[in-house]
Amino acid sequence: AFQSETAPVVIGVVGESPMGPELHRSIMGKTVNGRALEVRQIGSLGELKNCQMVFICSSEKKRLPEILKAVGDASVLTVGETDNFTEAGGMINLVREGNKVRFEINDNAARRVRLKISSKLLSLARKKGGA
């Protein structure tokens with residue numbers, strides 16, 4: 001959901017990002033479907049619903065239920081990097097396996113907030129389903 005025709009795609013980051021300023025640099029000047037990409041460090045849970053995607057860092061593991069509850073039924077893609085992230089209601093979890101990064105998808109959580117994850121992406125996921 002966007003506030004206007006020209007509003008950017010907002011990626012909110014909650015917690016201490018291991019990517020730090022690198023994420024900001026990597027998307028600077030990039031667009032998706034004509035919309036600029038913007039990364040914002042989230043200072044309060046009230047800002048979450050102003051994002052299209054929220055990355056929840058592992059530093060926020062103890063606050064995960066509170067953060068997911070604050071997102072609620074907003075159409076916001078939640079991405080994390082914490083054990084049991086998808087089981088807790090998150091949508092995409094990044095998992096390190098040796099030197100590779102894999103991902104798990106909770107398609108039910110995405111559908112619950114009217115988001116559709118492509119069948120191609122679902123077929124690549126390490127574990128599908130979820131809560």
Side-chain angles (χ1 to χ4, degrees):
F2 294 96
Q3 294 178 350
S4 73
E5 296 270 332
T6 59
V9 174
V10 177
I11 302 168
V13 178
V14 181
E16 298 171 25
S17 173
M19 298 169 275
E22 197 59 37
L23 178 61
H24 294 272
R25 278 194 294 275
S26 68
I27 70 160
M28 193 180 311
K30 302 272 191 317
T31 62
V32 172
N33 293 330
R35 293 180 187 272
L37 291 174
E38 180 179 312
V39 176
R40 292 184 193 161
Q41 186 67 40
I42 301 298
S44 73
L45 297 180
E47 298 173 60
L48 294 171
K49 292 184 179 183
N50 297 326
C51 302
Q52 282 69 49
M53 183 182 113
V54 173
F55 182 78
I56 304 167
C57 303
S58 60
S59 65
E60 302 305 301
K61 183 176 184 168
K62 291 181 180 176
R63 293 182 52 210
L64 183 58
E66 175 188 7
I67 294 166
L68 292 173
K69 183 176 180 181
V71 172
D73 62 355
S75 294
V76 175
L77 180 69
T78 54
V79 180
E81 57 175 352
T82 308
D83 290 339
N84 300 316
F85 182 79
T86 54
E87 290 84 348
M91 296 172 202
I92 298 177
N93 190 35
L94 305 176
V95 180
R96 185 175 299 274
E97 286 183 354
N99 295 345
K100 297 181 180 184
V101 175
R102 306 276 189 213
F103 59 94
E104 303 167 339
I105 295 178
N106 180 339
D107 192 36
N108 293 331
R111 284 191 213 170
R112 201 169 26 255
V113 297
R114 302 162 308 282
L115 294 178
K116 181 174 176 17
I117 296 177
S118 79
S119 57
K120 187 170 186 173
L121 190 61
L122 284 169
S123 73
L124 296 172
R126 185 178 132 213
K127 185 166 56 173
K128 301 158 205 72

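Throughout, residue positions are numbered sequentially from 1 according to the sequence presented. Only this structure's heavy atoms are used, side chains among them; waters, hydrogens and symmetry mates stay out.
Residues Ile105 and Thr86 fail the side-chain proximity criterion, which asks for heavy atoms closer than 4.5 Å. Between Val71 and Thr78 the shortest side-chain heavy-atom distance falls below 4.5 Å. Taking 4.5 Å as the limit, every side-chain heavy atom of Val76 sits out of range of all side-chain heavy atoms of Val113. In this structure the side chain of Phe85 never reaches within 4.5 angstrom of the side chain of Val95, judged on heavy atoms. Between Asn33 and Val9, every side-chain heavy-atom pair lies at or beyond the 4.5 Å cut-off. When side chains are defined from C-beta on, Asn50 does not count as touching Val10, because their heavy atoms never get closer than 4.5 Å.
Listed here is the closest heavy atom pair of Ala70 and Leu48: CB-CD1, 3.8 Å. Between Gly34 and Thr31, the shortest heavy-atom distance links the atoms C-CB, 4.3 Å. Among all heavy-atom pairs drawn from Ser59 and Gly15, the shortest one is OG-CA, 3.5 Å. Minimum interatomic distance between Lys120 and Ser123 (heavy atoms only, all atoms of both residues): O-OG, 2.7 Å. What you find for Leu68 and Gly89 is that their closest heavy atoms are CD1-C, 4.0 Å.
One finds the OG1 atom of Thr82 at 6.5 Å from the NZ atom of Lys61 (value rounded to the nearest 0.5 Å). Of the inter-residue distances, the one linking Met91 atom CE with Asp107 atom CG reads 10.0 Å to the nearest 0.5 angstrom. Rounded to the nearest 0.5 angstrom, Cys57 SG and Leu64 CG are separated by 11.5 Å. The line from CD1 of Ile117 to CG of Asn108 is 10.0 Å long, rounded to the nearest 0.5 Å. Taking CZ of Phe103 as the reference point, atom CG of Leu122 lies at 8.5 Å (rounded to 0.5 Å). The line from CD1 of Ile11 to CG of Leu77 is 10.0 Å long, rounded to the nearest 0.5 Å.
Under the side-chain hydrogen bond (donor to acceptor under 3.5 Å, both in side chains) criterion, Arg35 pairs with no residue at all, not counting sequence neighbours. Remark: Glu5 engages no residue in a salt bridge (Lys or Arg N to Asp or Glu O under 4.0 Å) (not counting sequence neighbours). The side-chain hydrogen bond (donor to acceptor under 3.5 Å, both in side chains) search around Arg114 returns Ser75, not counting sequence neighbours.
Counting only residues at least two apart or on different chains, the salt bridge (Lys or Arg N to Asp or Glu O under 4.0 Å) pairs with a member in residues 39-58 are Glu38-Arg40. Sorted by first then second residue, the side-chain hydrogen bond (donor to acceptor under 3.5 Å, both in side chains) pairs that include residues 88-99, not counting sequence neighbours, are Asn93-Glu104, Glu97-Arg102, Glu97-Arg126. Screening residues 64-82 for salt bridge (Lys or Arg N to Asp or Glu O under 4.0 Å) gives Arg63-Glu66 as the qualifying pairs, with residues at least two apart or on separate chains.
By the criterion of side-chain heavy atoms lying less than 4.5 angstrom apart, applied directly or through intervening Ile, Leu, Val, Met, Phe, Trp or Tyr residues, Leu115 is not grouped with Ile67; the two fall into different hydrophobic clusters. The cluster map of Ile, Leu, Val, Met, Phe, Trp and Tyr, joined by side-chain heavy atoms under 4.5 Å apart, puts Leu121 and Leu94 in the same cluster. The cluster map of Ile, Leu, Val, Met, Phe, Trp and Tyr, joined by side-chain heavy atoms under 4.5 Å apart, puts Leu45 and Val13 in different clusters.
Heavy-atom contacts from other residues, nucleotides or ligands closer than 6.0 Å to CD of Gln41 number more than 12.
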